[in-house]
Amino acid sequence: QVQLQESGPGLVKPSQTLSLTCTVSGASIATSLYYWSWIRRSPGKGLEWMGAINNAGSIWYSPSLKTRTSISMDTSKNQFALQLSSVTPEDTAVYYCAETKNLITTEIYDDDYWGQGTQVIVSS
């Protein structure tokens with residue numbers, strides 16, 4: 001059973017960097033054949049795929065977020081992380097990490113594994 005848990009600050013000030021960590025159990029991020037993804041949900045945009053990393057260390061980003069997004073992984077801790085720089089209130093959302101069979105994820109599939117999500121508010 002794959003389980004994922006997002007962690008990080010729930011409140012970030014505008015212009016700062018949003019940093020989240022996903023801790024994975026029940027699967028190895030170093031050997032999984034699937035994608036380790038970050039997705040967020042906001043009222044205005046719905047589900048928005050942000051990017052992903054795989055076991056080989058390959059990284060993909062949404063074109064709309066590429067300049068502000070960094071995804072990394074720490075195989076020794078079985079964790080992968082998200083950094084989103086220069087945040088604005090428009091980045092307020094629930095942020096999810098997930099193991100997904102497909103790269104670009106805009107909906108939840110039964111054979112994907114998602115964390116519960118963590119609310120991040122960008123406000124001064």
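All values below were derived from every heavy atom in this structure, side-chain atoms included, with hydrogens, water molecules and symmetry-related copies excluded.
Hydrophobic clustering (side-chain heavy atoms under 4.5 Å, transitive across Ile, Leu, Val, Met, Phe, Trp, Tyr) keeps Val120 apart from Val94. In the hydrophobic clustering of this structure, Val12 does not group with Ile39; members are Ile, Leu, Val, Met, Phe, Trp, Tyr whose side-chain heavy atoms approach within less than 4.5 Å, directly or through other members. Residues Leu103 and Met73 fall into different hydrophobic clusters, defined by Ile, Leu, Val, Met, Phe, Trp and Tyr side chains chained together at heavy-atom separations under 4.5 Å. Linking Ile, Leu, Val, Met, Phe, Trp and Tyr whenever their side-chain heavy atoms come within less than 4.5 Å leaves Tyr34 and Val24 in two separate clusters. If you chain together hydrophobic residues whose side chains sit under 4.5 Å apart, Leu82 and Leu47 never meet in one group.
Within the structure, salt bridge (Lys or Arg N to Asp or Glu O under 4.0 Å) pairs that include any residue of residues 115-124 do not occur (at least two apart or interchain). Residue pairs meeting the side chain to side chain donor-acceptor pair (under 3.5 Å) criterion with at least one member in residues 108-119, sequence neighbours excluded: Glu107-Tyr109. The disulfide (SG to SG under 2.5 Å) pairs that include a residue from residues 24-54 number zero, where partners must be two or more places apart or lie in different chains. Sorted by first and then second residue, the pairs that involve residues 13-46 and meet disulfide (SG to SG under 2.5 Å), not counting sequence neighbours, are Cys22-Cys97. Pairs of residues two or more places apart, or lying in two chains, that qualify as side chain to side chain donor-acceptor pair (under 3.5 Å) and include a residue from residues 67-77 are Arg68-Asp91, Asp74-Ser76.
Looking only at side-chain heavy atoms (C-beta outward), Asn102 and Tyr35 stay at 4.5 Å or farther from each other. A 4.5 Å side-chain heavy-atom check between Ile71 and Trp60 finds every atom pair outside the cut-off.
Legend: residues meeting side chain to side chain donor-acceptor pair (under 3.5 Å) with Ser42, ordered by chain and number and at least two apart, are absent. Taking Glu6 as the reference, nothing meets the salt bridge (Lys or Arg N to Asp or Glu O under 4.0 Å) condition, with sequence neighbours excluded. With sequence neighbours left out, the side chain to side chain contact (heavy atoms under 4.5 Å, CB included) criterion links Thr17 to Ser19, Gln83, Ser85. Residues forming a ring pair (Phe, Tyr, Trp, His ring centres under 6.0 Å) with Tyr61 (at least two apart in sequence, or on another chain): none. Residues forming a side chain to side chain donor-acceptor pair (under 3.5 Å) with Tyr95 (at least two apart in sequence, or on another chain): Arg40.
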Table please: side-chain donor-acceptor pairs of residues 51-59 below 3.5 Å, with sequence neighbours left out.
from	atom 1	to	atom 2	distance (Å)
Asn54	OD1	Ala56	N	3.1
Asn54	OD1	Gly57	N	3.2
Asn54	OD1	Ser58	N	3.0
Asn55	ND2	Ser32	O	3.1

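In the hydrophobic clustering, Ile121 connects to Leu11, either directly or through intervening members, whenever side-chain heavy atoms lie under 4.5 Å apart.
For the ring-ring contact (aromatic ring centres under 6.0 Å, His included) criterion with Trp38, the lone passing option out of Trp49, Tyr96, Phe80 is Phe80.
Across Glu99 and Leu4, no two heavy atoms sit closer than the pair N-CD2, 3.9 Å. Summarising the geometry of Val122 relative to Lys13, their closest heavy-atom pair is CG1-C, 4.2 Å, with the distance given to 0.1 Å. Contact between Pro89 and Pro14 at its shortest, heavy atoms only, is CD-CG, 4.5 Å. Pairing each heavy atom of Val2 with each of Ala27, the nearest pair is CG2-CB, 3.8 Å. Among all heavy-atom pairs drawn from Pro9 and Leu20, the shortest one is O-CD2, 4.3 Å.
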Item to check | Gln79 vs Thr23, side chain to side chain donor-acceptor pair (under 3.5 Å): CA-CA, chis, key distance, verdict | outcome: CA-CA 5 Å; Gln79 295 177 330; Thr23 300; 3.0 Å; yes

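Side-chain contact check for Ser7 and Thr21: no donor-acceptor pair (N or O, by modelled atom type) lies under 3.5 Å.
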